[in-house]
Amino acid sequence: MGLSLFELQEKLKTWDGCALHKQSNVVLGEGDLHADLMFIGEAPGKKENELGRPFVGASGKFLDDLIDSIGWNRHQVYISNVVKYRPPENRDPTTEEKNQCMPWLLMEIGIIKPKVIVPLGRHALGNFCTDVSISEVHGTAQPYTDDITIFPLYHPATALHNGGLRQTLKDDFQKLKLFLDEHGITPSS
Ligand code: URA
């Protein structure tokens with residue numbers, strides 16, 4: 001049998017494979033362990049680093065509202081990040097940092113076994129779909145494996161700072177809802 005999420009978290013606390021661990025708390029994902037819907041952000045920010053939880057700052061509040069807008073709630077999905085530590089001053093994570101942290105995300109996906117993965121923004125998207133940009137594929141289902149569909153969306157922080165994208169992200173969430181409804185994907189709790 002593979003690791004449980006708790007065991008994964010414990011192991012991650014003692015891991016030193018990414019230099020960011022020296023200056024940040026570790027932030028693993030959280031939510032419904034049986035979720036069919038999984039959201040993946042870029043890296044924790046200030047608030048997430050303080051609390052050791054993903055998406056609990058301003059963009060997390062917006063993400064919660066967007067999830068509510070499709071009739072689900074935060075506890076019915078699983079939310080994680082590509083990079084498990086806060087990059088200094090919230091700079092973009094480097095390719096090296098993303099690659100170093102990627103095995104942890106893959107193990108989370110292996111445990112949760114979501115049917116739909118929503119990469120939020122280009123950093124998360126790049127781990128699943130290469131050679132496409134978020135502006136081309138946001139709000140559209142991208143086949144990935146037999147069991148998993150990728151449904152890329154803009155990052156809520158980007159949309160918070162760009163009024164035009166805010167409405168696009170809200171509209172894309174309704175497209176996500178349509179996709180979930182069409183495929184009979186409902187909250188498991
Ligand atoms: N932005 C992210 O990408 N992840 C978080 O957890 C918070 C903000």
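Both ligands and their constituent atoms are indexed starting at 1 by order of listing. Model, not experiment: these values are computed from the prediction.
In terms of polar-atom proximity, defined here as any N/O pair under 3.5 Å, Pro44 makes no such contact with ligand 1. The shortest N or O to N or O distance between Gly45 and ligand 1 is not below 3.5 Å.
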His155 and Phe55: CA distance, side-chain angles, deciding distance, ring-ring contact (aromatic ring centres under 6.0 Å, His included) verdict = CA-CA 11 Å; His155 194 291; Phe55 280 100; 5.6 Å; yes

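No side-chain donor-acceptor contact under 3.5 Å links Arg166 and Asn162. Side-chain contact of Ser188 with Asp32: a donor-acceptor pair under 3.5 Å is present, judged by distance alone.
In the vicinity of Glu42, heavy-atom distances shorter than 4.0 Å reach the ligand 1 atoms 2 (C), 3 (O). Near Pro54, with a cut-off below 4.0 Å to any heavy atom, the atoms of ligand 1 are 6 (O). The distance from ligand 1 to the heavy atoms of Gly41 drops below 4.0 Å at these ligand atoms: 3 (O).
Residue Lys84 forms a side-chain hydrogen bond (donor to acceptor under 3.5 Å, both in side chains) with just one option from Gln100, His21, Glu108, Glu97, and that option is Glu108.
Of the possible polar contacts, one joining the His183 side chain to the Phe179 backbone as a donor-acceptor pair under 3.5 Å is found. With hydrogens and angles disregarded, a donor-acceptor distance shorter than 3.5 Å links the side chain of Gln76 to the backbone of Asn73. Formation of a donor-acceptor pair under 3.5 Å by the Glu48 side chain with backbone atoms of Val27 is not found in this model.
Closest to atom 2 (C) of ligand 1, if we only count protein heavy atoms, is Ala43 O, 3.0 Å. Ranking protein heavy atoms by distance to atom 8 (C) of ligand 1, first place goes to Ser59 OG, 3.4 Å. Asn81 OD1, 2.7 Å is the protein heavy atom nearest to atom 4 (N) of ligand 1.
Residue-level proximity to ligand 1 for Ala157 is absent, since no heavy atom of it falls below 4.0 angstrom. If you look at Glu48 next to ligand 1, the close heavy atoms, those under 4.0 Å, all belong to the side chain.
Ligand 1 has at least one atom lying under 4.0 Å from a heavy atom of His155.
Other residues, nucleotides and ligands contribute over 12 non-hydrogen atoms within 6.0 Å of the CD atom of Glu136.
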